[in-house]
Trainee: 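Quick one: this structure, given as structure tokens, is what I'll be asking you about.
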Amino acid sequence: MEQIQTERPERSSAIEEIQRDEHSRKRFFKMVGGAGAASAFAIFLAACGDDDEESADTGTGSSGQGETQTTGTQADSGDLEIVNYALTLEYLEADFYQQVIDSGEVKDKKIAEAAKKIGENEQEHVDTLRATVEQMGGTPAEQPKTKFEDVIAGGPKSILSAAAMVENLGAAAYLGQADKIQNPDILAAALSIHTVEARHAAALNFLAGNKLTGKGLKGILPDGAFAKPMSMEEVLKEVQPFIAS
Amino acid sequence: MAHSNLAVPELTAIEIHGMTRSSFIMRGALAAGAVYGAGAITPFVRQAIAQGDGGDVDILNFALTLEFLEEAFYKQAVKEVKLSKEVKPIAEQILDDESKHVDFLKEAISGAGAEPTKAPKVDFGNAFKSEKSFLKLAQTFEDTGVSAYNGAAPQIQDKKILGAAGTIVQIEGRHAALIRFLRGEDITESAFDEPLEMEAVLEAVKPFVKS
């Protein structure tokens with residue numbers, strides 16, 4: 001990763017942050033693959049060389065809006081890592097809806113039916129993303145251990161509120177990666193999932209009684225006419241409460 | 001999807017207000033080194049356009065055409081349809097969103113030194129007869145809009161324009177789900193929103209454009 005310059009704050013992705021920061025690297029490992037898991041992401045990081053090499057490389061690049069030069073191999077690694085990140089989020093969502101259905105907490109037929117259908121969509125996303133990682137020659141991220149017990153025990157209102165939030169998060173997560181994906185086929189796949197997450201988000205926020213223009217992660221159309229993307233770090237911070245450590 | 005079989009093979013020369021099918025397909029029609037005019041635009045847009053080529057401008061104009069159609073559709077609906085308490089605020093909100101998309105795209109295209117396409121003359125037939133008929137066509141527009149952006153986005157060269165398209169298509173997806181929800185329909189046809197090629201999109205909306 002010689003090309004990545006340290007003086008490009010506006011270009012630095014969460015991944016570059018993680019590469020530089022040992023603490024966040026460990027945290028991200030834990031989020032994505034479970035502690036010690038040899039995820040594709042781990043392999044990707046290992047292939048990028050050690051921190052010393054990166055921090056020693058300061059001289060040549062122009063500052064400002066320099067483009068990160070990527071070779072084909074590096075681009076693929078970046079895409080792989082993004083697909084595994086998406087897979088991790090989809091695992092979380094699919095698991096959530098499954099637990100909700102199994103709990104029998106949601107008695108309202110309309111809402112239960114919506115949860116079932118959305119859960120099926122999420123499972124299809126999981127299956128597709130897993131297959132995509134394998135096609136790319138990578139190792140799919142492991143399914144994270146989740147903790148939704150409190151949310152589910154809180155009953156339908158709590159469940160809907162969490163579902164609405166998680167879907168808004170999912171939509172923002174895909175949007176945050178769209179301009180970083182190199183392979184057009186992967187991009188097309190991500191986009192086709194992105195808008196389905198957006199559909200889920202709008203419907204669940206509606207069902208949760210959130211306002212049409214409520215803000216942040218609570219709103220049917222939370223950001224006006226233009227949706228806001230979220231970085232990997234922002235997203236992972238929000239989902240952390242639902243991950244069992 | 002209702003519109004998935006609209007891509008008929010004889011669509012060799014669809015023309016929509018001067019934009020030809022070939023202009024969508026011929027990427028890089030403007031020289032890469034073209035000098036873009038510096039209009040009165042926001043830094044974000046100027047930056048977004050700085051590296052754009054003819055291909056991206058064509059895609060933006062394509063998107064603008066769709067947004068013009070949607071804007072005109074909701075404008076007329078809000079005026080002419082007797083909307084229920086539940087639907088009215090949503091229709092008004094969607095109109096507002098589509099107008100902002102129109103403004104943004106016009107600005108982005110002008111900022112690239114190109115000419116924004118003109119608003120097409122529209123005819124929505126009997127769509128405003130009732131709330132029901134309005135919502136039905138609204139669903140078609142929103143679903144088509146989603147598929148149009150999803151189909152065009154991977155062809156966008158400039159990453160900033162791609163990012164901007166993403167921020168718009170997510171809203172189209174949310175609109176689509178809302179309209180479908182109001183109609184008692186499934187919020188999505190499948191787990192994946194099907195991308196549509198530009199010519200298929202233009203064919204789908206052609207009945208509402210007066211030539």
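Each chain gets a letter, A, B and so on, in the order the sequences are listed, and its residues count up from 1.
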Trainee: Provide the closest heavy-atom pair for B:Gln170 versus A:Ala171 in the form atom of the first, atom of the second, distance.
Mentor: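 Minimum heavy-atom separation between B:Gln170 and A:Ala171: NE2-O, 3.3 Å.
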
Trainee: We want to know whether A:Asn121 and B:Thr188 form a side-chain donor-acceptor pair, criterion being a heavy-atom distance below 3.5 angstrom.
Mentor: no

Trainee: I'd like to know if the side chain of B:His101 and the backbone of A:Ala225 have a donor-acceptor N/O pair within less than 3.5 Å.
Mentor: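 Such a contact is found between B:His101 side chain and A:Ala225 backbone.
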
Trainee: Pick from A:Thr195, A:Asp223, A:Leu221: which one makes a side-chain contact (heavy atoms from CB on, under 4.5 Å) with B:Arg174?
Mentor: A:Leu221

Trainee: Taking every non-hydrogen pair under 4.5 Å, which of B:Asp97, B:Asp96, B:Thr167 racks up the most with chain A?
Mentor: B:Thr167

Trainee: Are any non-hydrogen side-chain atoms of B:Ile90 and A:Phe206 less than 4.5 angstrom apart?
Mentor: yes

Trainee: Heavy-atom distances under 4.5 Å only: say whether A:Ala114 touches chain B with side chain, backbone, both or neither.
Mentor: neither

Trainee: With a 4.5 Å cut-off on side-chain heavy atoms, are B:Gln155 and A:Leu187 touching?
Mentor: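 Side-chain contact under 4.5 Å: no.
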
Trainee: Go through the atoms of A:Asp127 and report whether side chain, backbone, both or neither lie under 4.5 Å from a heavy atom of chain B.
Mentor: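 The answer is neither part of A:Asp127.
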
Trainee: Does this structure show an ion pair linking B:Asp186 with A:Arg199, if we count only N-O contacts that are shorter than 4.0 Å?
Mentor: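 Answer for the salt bridge query: no.
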
Trainee: Heavy atoms only: give me the nearest B:Ala177-A:Ala202 pair and the separation to one decimal.
Mentor: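 Heavy atoms of B:Ala177 and A:Ala202 come nearest at CB-CB, 4.0 Å.
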
Trainee: Less than 4.5 Å to any heavy atom of chain A: does that hold for the side chain of B:Val169, its backbone, both, or neither?
Mentor: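 For B:Val169, heavy atoms of backbone and side chain both lie under 4.5 Å from chain A.
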
Trainee: Could you tell me which portion of B:Ile187 (side chain, backbone, both or neither) has an atom closer than 4.5 angstrom to a non-hydrogen atom of chain A?
Mentor: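 Looking at B:Ile187, backbone and side chain both touch chain A.
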
Trainee: Which atom names give the shortest non-hydrogen contact between B:Lys159 and A:Asp179, and what distance separates them?
Mentor: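 Minimum heavy-atom contact is CD-O, 3.3 Å.
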
Trainee: Please state whether the side chain, the backbone, both or neither of B:Ser99 comes within less than 4.5 Å of a heavy atom of chain A.
Mentor: neither

Trainee: Contact part of A:Phe226 toward chain B, heavy-atom cut-off under 4.5 Å: side chain, backbone, both or neither?
Mentor: both

Trainee: Using heavy-atom distances under 4.5 Å, tell me whether A:Ile181 contacts chain B through its side chain, its backbone, both, or neither.
Mentor: backbone

Trainee: Pick one: which of A:Ile193, A:Val196, A:Leu191 meets side-chain contact (heavy atoms from CB on, under 4.5 Å) with B:Asp193?
Mentor: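 For B:Asp193, the side-chain contact (heavy atoms from CB on, under 4.5 Å) test succeeds with only one of A:Ile193, A:Val196, A:Leu191, which is A:Val196.
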
